[in-house]
There are 2 protein chains.
Amino acid sequence: MRVVARNADYTKEYNRKLVLRLLRHQPLSRAEIARRTGLTRASTSLIAAELLNDGLVREMSPVANPRGRTSTPLMLCPEAGYAIGIYLNRDGCSAGLVDIGGNIIVSNEIRMTGEGDKLEPLRQVIQQLSQTEGVQRERLLGIGISAPGPLDGESGRILNPPRFDLWHQVEIGPQLQEATGLPVFLANNATCLASYHCGRPESYGSSNFLLLLVDSGVGSGVISKGKVLKGAGYFTSELGHTTIRYDGRPCACGNIGCLEEYAAIPKLLNGTGFHSWKELVDALDSDPEAVYLMAQEAEYLSAAIVNLTNLVRIDSVLLAGDLLYGAERIMPLIERRVNRRCLSYGCQPIRVYPSASVPGIRILSAADMAFDRLLRI
Amino acid sequence: MRVVARNADYTKEYNRKLVLRLLRHQPLSRAEIARRTGLTRASTSLIAAELLNDGLVREMSPVANPRGRTSTPLMLCPEAGYAIGIYLNRDGCSAGLVDIGGNIIVSNEIRMTGEGDKLEPLRQVIQQLSQTEGVQRERLLGIGISAPGPLDGESGRILNPPRFDLWHQVEIGPQLQEATGLPVFLANNATCLASYHCGRPESYGSSNFLLLLVDSGVGSGVISKGKVLKGAGYFTSELGHTTIRYDGRPCACGNIGCLEEYAAIPKLLNGTGFHSWKELVDALDSDPEAVYLMAQEAEYLSAAIVNLTNLVRIDSVLLAGDLLYGAERIMPLIERRVNRRCLSYGCQPIRVYPSASVPGIRILSAADMAFDRLLRI
DNA sequence: ATCCTTTTGTTAATCTGATTGACAAAATTA
DNA sequence: TAATTTTGTCAATCAGATTAACAAAAGGAT
């Protein structure tokens, strides 16, 4: 066990990051920062002066208070930092340059053929994005990559994605790090989305939630006490492989009866008259089969959510992916089932919400990892 | 979000606790502490001087090194701190006074009738234990209580334990805190045992493990990254209520098909010729039914463990309770099933071990919470 | 208008911790 | 015996936050 002691350097860095994190999602005056952090106003002033000097923060126009002197809010300069967000999928990727204010400056789509060096197109697009005018090299903080699992976020390696052969066993992290000299952060789609929602109003103020990404598979990202839930070896949650049928169908993962085998949209619709979740939702008021299938989907998901929440209590579930369409129909079904069945001694009931539908969220959430890790304390 | 800044006070306290934690389980020289913490030798010396002065630490006789000057190891004084550990069960409790070196100084058993003030006997035994000769009041650090779940460790309230009516809804934490003026820490048996194993050789060096306590119920304690896994509201894991049969028997918790309904020993043995786990184990070589039942038990437990490890990857499972008897027979059964079915991209296989069988472990693990929390950083 | 109160933001002096760099102490090796 | 290695201590220094004072900027009371 190597544990590091604290010293003045650490203290300074910690407090600086603390202030930056506070300013990440809203502007605050020096006095307000002092109140929220427990720092004295004097210390806050010193830190603010340094951040102003470094060009990370700027003063906004003064704001009147109910009583007393006006305060001048500080805001994070959007141009204080940039990151490149890359969203990988089966046959290509979307990539974009994002500033720390959450604006996509430029973006790009690439299709991949699978021939030659798979990383070459990525290197090119990164090269191109990082030469965007007005972006100084030293302001480019890192590269965030959102990819379908399974992968090893720590070593930056994509493992053995089913139906995703293109990227089989590619050490994307180290290789891009090598090529660009920038830190690379890799996470699966759902974890990436979950991480993006944390601390934002889009997550309804919760810092203990499950993000459930249902489309051709079932992905999960769990935020517990404001941090991505990670186990040994930085393995992140795979709710898609919770067993919900002990005598069920075999899954590619080697187990049987996995949630994904039932709740992934193609699996749910297999053998029915529906070809997409949208089609099913649109038929809800006319076709009893649609109603039945949605109830089934809610049943499958709820079974897995109950198992999760009995292990790591969450207070809400955010739906993402196909389920966003007609979310208001399935939300109460899941909510009722989950709360009826989970242990809940003295806890608030679990709420189900739609996740944020922000334009470009796939690129934004990927890039966000780079910002988040660099402000991480 | 209230997040506190760091200052010199924090730094000092952090480093002091860091050193004390390092010395908790083995003696180390100043130079070795410096190497492990990253502190300079000078700082380590200063901290050590203070700890020596406070009587928390003492010097051992010098030890020769392969080369260079001899080093004088520092050890935590066993009498540096004491805690009272209380293990509650259905009809009474065991209580003991424990020193920080892990020695039980005095202990006591109480039977409870359920009449009158349930807390009065506890107050008396605490009073009595805390007046043990040679124990200064200011060295008594707290009271740790290990109880069958469910309970709310944070508010110190026992909730609604099935088959445990005596303690229904008792606010044991605040009440004993009020009566004694000491901090009170409450956790369920399994969590308490898990926490005790963490950081000790008894947990085989792991800091990501599940402790599975199987007897009349199924309790679980998960240690992830060296800390007890807690969700929102400080809810701890309840693997006993993972669904392993979607069409199974109703459980007292309101769900159906919970692990506990199948794997708790009385449930497993119900309707068989066996009256205890020991009887079953002893019959393994002569009675095929015993073999079948043990395989069943392994099957049930494995199903739940797989679900757990797909959410929060662990590297080992420690068996406690009845399963300790004949553990070497069931261990490989569980190990094989779990590793065959869980996601394990690039991870080491999960190992199953017996938990420590230390005399008085119930009292020790309860008391340990008080020590642990006070050294917690 | 003027004073009082409240709140914000700044400043210089101070405090408190770890670090630096030197050194003595205690052992082994050449 | 001298050189080397490692441990542990000391005084001087450094680097942060804090303290306590103050000026600045508003609103409300007289």
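In the text below, chain A, chain B and the rest are named by the order of the sequence lines, each starting its count at 1.
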Intermediate values then yes/no, side chain to side chain donor-acceptor pair (under 3.5 Å), S203(A) and S206(A): CA-CA 6 Å; S203(A) 66; S206(A) 172; 5.9 Å; no
Counting only pairs under 3.5 Å, give me each side-chain donor-acceptor contact of residues 69-86 of chain B, with atom names and distances, residues two or more places apart or in other chains.
residue	atom	partner	partner atom	Å
S71(B)	OG	N65(B)	ND2	3.4
T72(B)	OG1	R30(B)	NH1	3.4
E79(B)	OE2	R58(B)	NH1	3.0

Range on DNA chain D touched by chain A, heavy atoms, distance below 4.0 Å: dG16(D) to dA26(D)
Tabulate atom names and distances for all N/O pairs under 3.5 angstrom spanning the protein and nucleotides 17-22 of chain C.
residue	atom	partner	partner atom	Å
dA18(C)	OP1	N15(B)	ND2	3.1
dT19(C)	OP1	N7(A)	ND2	3.4
dT19(C)	OP2	T40(B)	N	3.2
dT19(C)	OP2	T40(B)	OG1	3.4
dT19(C)	OP2	S43(B)	OG	2.9

D368(A)/R24(A) salt bridge by N-O under 4.0 Å criterion: yes
Just to verify, which of V135(A), N103(A), I104(A) counts as forming a side chain to side chain contact (heavy atoms under 4.5 Å, CB included) with L97(A)? V135(A)
Give a yes or no on whether the backbone of T191(A) and the side-chain of S195(A) come within a donor-acceptor separation of less than 3.5 Å. no
Taking atom CD of E178(B) as the centre, does the number of heavy atoms from other residues, nucleotides or ligands within less than 6.0 Å exceed 12? no
Which atom names give the shortest non-hydrogen contact between D152(A) and G233(A), and what distance separates them? OD1-O, 4.4 Å
Hey, can you pull the residues of residues 23-32 of chain A with a non-hydrogen atom under 4.0 angstrom from DNA chain C? S29(A), R30(A), A31(A)
Generate the contact string for nucleotides 24-30 of chain C. Rules: B means base contact, S means sugar-phosphate contact only, - means no protein heavy atom under 4.0 Å. BBBBSS-
Can you check whether L375(A)'s main-chain N or O pairs, donor with acceptor, with R21(A)'s side chain at less than 3.5 Å? yes
Ignoring hydrogens, what is the shortest heavy-atom contact between L318(B) and E202(B)? Give both atom names and the distance. CD1-O, 4.4 Å
ring-ring contact (aromatic ring centres under 6.0 Å, His included) contacts in which one or both residues fall within residues 27-52 of chain A, not counting sequence neighbours: none
Parallel, tilted or perpendicular: which fits the ring planes of F209(A) and H197(A), with parallel below 30° and perpendicular above 60°? perpendicular
Nearest 0.5 Å, what's the OH-CG distance between Y353(B) and L211(B)? 14.0 Å
